[in-house]
Amino acid sequence: MGARTDAALTILVLAAVGIAFVLVDASLSPLALALGGLGTIAFELVAARDVATVREYWERPVVQAASVVLALLVVAVGASIAPTVVLSLFCGGAITYLAFLGLVGVGLVPPPRTWW
């Protein structure tokens, strides 16, 4: 488990977002893209307050599977209701999370467990 699994699941959702962008011919909203990224950063800051508990829950396969299924459902519904906003939010969040994982992985950002 860990960062590789997190990255793989994020890439899976990001691929679905990319496919949805193409299927519904949605445009990218820079504002929603930025808000998705900021949402990811905010979540990571909150989750860093208790990394052990968050990791304990997240590493349960049922939690990971349910999270991915829920994300894919929101992408599918959002692509039909408000594609530009929903898909841009997901895209911004996923790209930011992958960048975060990469920065932590190469040591440019300390791991969340050291933040507090």
Side-chain angles (χ1 to χ4, degrees):
M1 297 290 196
R4 286 185 182 172
T5 301
D6 293 354
L9 295 175
T10 304
I11 290 168
L12 173 68
V13 172
L14 187 57
V17 169
I19 291 167
F21 262 116
V22 171
L23 290 176
V24 299
D25 195 28
S27 58
L28 192 63
S29 165
L31 178 59
L33 188 75
L35 289 174
L38 289 173
T40 294
I41 292 167
F43 174 81
E44 287 301 320
L45 288 171
V46 170
R49 301 285 305 206
D50 193 356
V51 174
T53 301
V54 171
R55 182 58 53 189
E56 177 186 335
Y57 283 103
W58 175 245
E59 288 192 356
R60 296 176 184 174
V62 69
V63 172
Q64 292 178 353
S67 297
V68 170
V69 167
L70 179 61
L72 294 175
L73 284 171
V74 172
V75 166
V77 171
S80 64
I81 295 173
T84 296
V85 173
V86 173
L87 298 178
S88 295
L89 283 168
F90 269 80
C91 188
I95 290 170
T96 300
Y97 187 62
L98 289 172
F100 171 75
L101 288 176
L103 291 172
V104 170
V106 298
L108 293 176
V109 172
R113 67 180 175 275
T114 65
W115 292 358
W116 304 108

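For reference, positions follow the sequence shown, starting with 1.
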Heavy-atom closest contact ([X] atom, [Y] atom, distance):
X: Gln64; Y: Glu59; answer: NE2-CA, 3.8 Å
X: Ala79; Y: Val24; answer: O-CG1, 3.6 Å
X: Glu44; Y: Phe100; answer: OE1-CE2, 3.6 Å
X: Val54; Y: Ala47; answer: CG2-O, 3.7 Å

Would [X] and [Y] show up in the same hydrophobic cluster when neighbours are defined by side-chain heavy atoms closer than 4.5 Å?
X: Val74; Y: Val85; answer: no
X: Val86; Y: Leu70; answer: yes
X: Tyr57; Y: Val51; answer: no
X: Val109; Y: Leu101; answer: yes
X: Leu73; Y: Val63; answer: no

How far does [atom1] of [X] sit from [atom2] of [Y], to the nearest 0.5 angstrom?
X: Phe90; Y: Thr40; atom1: CZ; atom2: OG1; value: 10.0 Å
X: Leu9; Y: Leu14; atom1: CG; atom2: CG; value: 12.5 Å
X: Phe21; Y: Thr84; atom1: CZ; atom2: OG1; value: 7.0 Å
X: Ile11; Y: Ile95; atom1: CD1; atom2: CD1; value: 11.0 Å
X: Asp6; Y: Arg55; atom1: CG; atom2: CZ; value: 4.5 Å

Do Ser88 side-chain atoms and Ser29 backbone N/O form a donor-acceptor pair below 3.5 Å?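 Checked: pair present.
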Please report the C-alpha distance between Ile41 and Thr96 in whole Å, then the side-chain angles of each, then the deciding distance to 0.1 Å, and finally whether the side-chain contact (heavy atoms from CB on, under 4.5 Å) criterion is met. CA-CA 8 Å; Ile41 292 167; Thr96 300; 3.9 Å; yes
Is there a side-chain contact (heavy atoms from CB on, under 4.5 Å) between Val75 and Leu87 once you walk through the steps? CA-CA 7 Å; Val75 166; Leu87 298 178; 3.8 Å; yes
Under a 4.5 Å cut-off applied to non-hydrogen side-chain atoms, are Leu33 and Leu28 in contact?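 When only atoms from C-beta onward are counted, Leu28 and Leu33 do touch, with a gap below 4.5 Å.
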